[in-house]
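Step one of this worksheet: look at the structure below.
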Protein chains: 2
Amino acid sequence: MRPLYHPSLKEITVQGILYALSDPVRVCIYAELAQADSAMNCSAFLSNGNLKLPKSTLSQHFKILREAGLIRSERKGVELKNSTRCQELKKKFGPMVVGILQAYQNEPNESKH
Amino acid sequence: MRPLYHPSLKEITVQGILYALSDPVRVCIYAELAQADSAMNCSAFLSNGNLKLPKSTLSQHFKILREAGLIRSERKGVELKNSTRCQELKKKFGPMVVGILQAYQNEPNESKH
DNA sequence: CCACTAGTTCCATAATACTGAATAATGGAA
DNA sequence: TTCCATTATTCAGTATTATGGAACTAGTGG
């Protein structure tokens, strides 16, 4: 298995972030990670109420979030612990990412969780 | 030709906006419209330096921006005058859209224009 | 070593996007 | 009005990208 690639802050682009968050599943994952007080592993989303996706699809979504620079994934034994890189991103992109999260979380959308 | 559809503020969603801005061409168009002091028509982007796309493709991109609620297009004779709906969106989504624009425009990316 | 769990990779299928060509709509000139 | 130039949209074929089941890799514990 290949090592997990995390882009450096320099390599992260607005475009990459927007692309990663353009998918409903990925915003949902990201928003949940942002709200969580500790790192979550991928399989926490396997039967997570609204998200009913096979693990191969989830794995792909996590990869896209990771390679866009939105999340950090650390191996802990057999599982991956995922957390957001919000603080880092704030330094580079200002209020963009938090703005997206807030707008998403304020939205009166019932199919979110 | 069908009439141009513009969603009402209520119908505009974070997800729709993120999807619309997930494409490099569309962010480019949107950023340029946001910077322009007057409405621009579609064909202004036909041979606009970095954007070298057929008009059918551009037309599709404008449609997506419009139906996501990001821009407003008004027919003026044979052309369309496009402008952003930034002010409206600010009311509903707070700093999200402006945050995206600022981050995009601050980015030291040479292939933007 | 074997079984179990967590994620990843592969690949066939499904869904989207791109774009040249045809079409529609408008305005102006003859 | 009729014709023509201009602007933008629609259509259809092709190309690109996403999805998800099956096979696989890796770590952990018995």
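Quick caveat: nothing in here was measured; it's all calculated off a predicted structure. By convention in this document, chain letters (A, B, ...) are assigned in the order of the sequence lines, proteins followed by strands, and residues within each chain are numbered from 1.
- Rounded to whole Å, atom P of D:dT14 lies 19 Å from atom CD of B:Gln60.
- Of the charged side-chain nitrogens involved, at least one lies within less than 4.0 Å of a carboxylate oxygen, so that B:Glu79 and B:Lys81 count as a salt-bridged pair.
- Closest of all the heavy-atom pairs between B:Val97 and B:Cys86 is CG1-SG, 4.4 Å.
- Between the CG atom of B:Leu58 and the P atom of C:dT19 there is a distance of 10 Å, rounded to whole Å.
- Rounded to whole Å, atom P of C:dG7 lies 11 Å from atom CZ of A:Phe45.
- With sequence neighbours left out, A:Ser8 forms a side chain to side chain contact (heavy atoms under 4.5 Å, CB included) with A:Lys10, A:Glu11.
- Side-chain atoms of B:Arg26 come within 3.5 Å of backbone N or O of B:Ala20 as a donor-acceptor pair.
- Spacing between atom CG of A:Asp23 and atom P of C:dA17 amounts to 12 Å, rounded to whole angstrom units.
- Residues A:Leu46 and A:Leu53 form no side-chain contact, since every pair of their non-hydrogen atoms from C-beta on lies 4.5 Å or further apart.
- Checked against C:dG7, D:dA8, C:dT16, the side chain of B:Tyr19 finds its nearest nucleotide in C:dT16.
- Nearest nucleotide to the A:Leu4 side chain, out of C:dT8, C:dG7, D:dT9: C:dT8.
- As judged by a 4.0 angstrom heavy-atom cut-off over every strand, B:Arg66 is placed among residues touching the sugar-phosphate backbone only.
- In this structure, CZ of A:Arg75 is placed 14 Å from P of D:dT25, rounded to the nearest angstrom.
- Distances shown here put every side-chain N or O of A:Ser59 at or beyond 4.0 Å from the OP1 or OP2 atom of C:dG7.
- Heavy-atom nearest nucleotides on DNA chain D were determined for A:His61 and for A:Val78, and the one closer to the 5' end corresponds to A:His61.
- Separating the NZ atom of A:Lys63 from the P atom of D:dT17 is a distance of 14 Å, rounded to the nearest angstrom.
- Taking atom NZ on A:Lys76 and atom P on C:dG7, their separation rounds to 13 Å, with Å as the unit.
- We find that CD of A:Glu67 is positioned 10 Å from P of C:dT8, with the value rounded to whole Å.
- If you check every strand for non-hydrogen atoms under 4.0 Å, A:Ser43 touches sugar and phosphate atoms only.
- Nearest heavy atom pair, residue B:Ser83 against residue B:Ala39, reads CB-CB, 4.3 Å.
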Would you tabulate the pairs of protein nitrogen or oxygen atoms and nucleotide nitrogen or oxygen atoms of nucleotides 12-14 of chain C closer than 3.5 angstrom?
none

Extract from the structure each pairing of a protein N or O with an N or O of nucleotides 20-23 of chain D at less than 3.5 Å, listing the distance.
residue : atom : partner : partner atom : Å
D:dG20  : OP2  : A:Thr57 : OG1          : 3.2
D:dG20  : N7   : A:Ser56 : OG           : 3.3
D:dG21  : N7   : A:Ser56 : OG           : 3.2
D:dG21  : O6   : A:Ser56 : OG           : 3.1

Query raised in the report: How far apart are the C-alpha atoms of A:Phe62 and A:Phe45, what are their side-chain angles, what is the distance that settles it, and do they pass the ring-ring contact (aromatic ring centres under 6.0 Å, His included) test?
Result: CA-CA 11 Å; A:Phe62 273 94; A:Phe45 294 88; 5.7 Å; yes
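- Between the side chain of A:Glu67 and the main chain of A:His6, no donor-acceptor pair closer than 3.5 Å is present.
- By the 4.0 Å N-to-carboxylate-O rule, B:Lys90 lies too far from B:Glu88 to be salt-bridged with it.
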